[in-house]
*Asks:* 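Let me give you the structure first, and then I'll get to my questions.
Remember, it's 1-based here, ligands and their atoms both numbered in the order they're listed. Any value given below was found using the heavy atoms of this structure, including those in side chains, with hydrogens, waters and symmetry copies removed. These numbers come from a predicted model, not from an experiment.
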Amino acid sequence: MRLVLLGAPGAGKGTQAKKLIEKYSIPQISTGDILRKAVADGTPLGKEAKAVMDKGELVSDKIVLGLVEERLKQDDCKKGYILDGFPRNTAQAEALDGILTKIGAPLTVALSVDVDMDILLKRLTGRRTCKNCQQMYNVYFSKSAKENVCDKCGGELFQRDDDKEATIKKRLDVYEAQTAPLMDYYKKKGILKSVAGMGNIDEIFNKVCALLG
Ligand code: AP5
Ligand code: MG
């Protein structure tokens, strides 16, 4: 399965992807996670990306496409993959199609996770992530048992730099303007599926699995 996860910031793409990789034994490719790792490692690319990410804007297509193309060449992608947070605009979607057509392995499905705006804001301001294992929590919806400590590995939890209210607003605007049009793009290709992303995480996951088969 070669899957693209679509949805606004906070829709639960990362949350559902983490469950899907276990069920389908395919990797999650999150451009946001790759970029945040480059920022944490202090690489030149990370330094360039950080300023853009902190503003809630999109990192250049050239950088992101280079990262994705490299990642897709790795052996673990042969059985399929879950793209999370990519593509993010029509240029990226077209470039991805070009890469996949060349290797004769087009996308199987684009799955949109749909969530109302007021819930997105709470999910983003409340999100906390483990520094060690990347498990996600939420101070409103799914707290860790001990404040700021990961239930799974005991790691320290942190809040993403771009989960501040002003940046969140910008990210949501960028999503509406640049990423939401991809629904139509994949609908026209006949591979778009949608799931209501509100309610219990496991219930949403069951609906996702039913759609993916
Ligand atoms: P990225 O990391 O992709 O962030 P995003 O798209 O804004 O999406 P999020 O990760 O915020 O949300 P999510 O849908 O994964 O939600 P999650 O599962 O965490 O991108 C960050 C930045 O990197 C961009 O702004 C851009 O600058 C750059 N970038 C990345 N990709 C790029 C690209 N392709 N091109 C250019 N630039 C790029 O869930 C959110 C919270 O809600 C969590 O706390 C979670 O626990 C909770 N939650 C999830 N589901 C539920 C539920 N059902 N009920 C209750 N709580 C829930
Ligand atoms: Mg995410």
*Asks:* What do you reckon, does G199 put a non-hydrogen atom under 4.0 Å from ligand 1?
*Replies:* yes
*Asks:* Tell me which pairs pass side-chain hydrogen bond (donor to acceptor under 3.5 Å, both in side chains) where either residue lies in residues 201-213, with sequence neighbours left out.
*Replies:* K19-D202
*Asks:* Would you check the N or O atoms of S30, main chain and side chain alike, for any that come under 3.5 Å of an N or O of ligand 1?
*Replies:* no
*Asks:* Examine G56 against ligand 1 and note whether any of their N/O atoms are separated by less than 3.5 Å.
*Replies:* no
*Asks:* Can you tell me which residue and heavy atom of the protein come closest to atom 3 (O) of ligand 1, and the distance to 0.1 Å?
*Replies:* R88 NH1, 3.1 Å
*Asks:* Just let me know how E57 lines up against ligand 1, side chain, backbone, both or neither, with a heavy-atom cut-off below 4.0 Å.
*Replies:* backbone
*Asks:* For residues 40-48, which side-chain N or O atoms pair as donor and acceptor with protein atoms under 3.5 Å away, sequence neighbours left out?
*Replies:*
from: D41; atom 1: OD2; to: K37; atom 2: NZ; distance (Å): 2.6
from: T43; atom 1: OG1; to: A38; atom 2: O; distance (Å): 3.4
from: T43; atom 1: OG1; to: G46; atom 2: N; distance (Å): 3.0

*Asks:* Is there a nitrogen or oxygen of G14 sitting under 3.5 Å from a nitrogen or oxygen of ligand 1?
*Replies:* yes
*Asks:* Between ligand 1 and F141, is the shortest N or O to N or O distance under 3.5 Å?
*Replies:* no
*Asks:* Ignoring angles and geometry beyond distance, decide whether T15 reaches within less than 3.5 Å of ligand 1 through its nitrogen or oxygen atoms.
*Replies:* yes
*Asks:* Please determine if D173 and K170 form a salt bridge, counting it only when a charged side-chain N lies under 4.0 Å from a carboxylate O.
*Replies:* no
*Asks:* Any ion pair linking D162 and K50 (charged N to carboxylate O, less than 4.0 Å)?
*Replies:* no
*Asks:* Can you tell me if R160 contacts ligand 1 (heavy atom of the residue under 4.0 Å from the ligand)?
*Replies:* yes
*Asks:* Using a 3.5 Å cut-off on N or O atoms only, is N200 in polar contact with ligand 1?
*Replies:* no
*Asks:* Relative to the heavy atoms of Q92, which atoms of ligand 1 are at a distance of less than 4.0 Å?
*Replies:* 33 (C), 34 (N), 35 (N), 36 (C)
*Asks:* N/O to N/O below 3.5 Å, does that happen between D33 and ligand 1?
*Replies:* no
*Asks:* Distance under 4.0 Å to a non-hydrogen atom of I204: what atoms of ligand 1 satisfy this?
*Replies:* 53 (N)
*Asks:* Report yes if K13 has an N/O atom closer than 3.5 Å to an N/O atom of ligand 1; otherwise report no.
*Replies:* yes
*Asks:* Return yes if some donor-acceptor pair links the side-chain N/O of K164 with the main-chain N/O of D161 below 3.5 Å, else return no.
*Replies:* yes
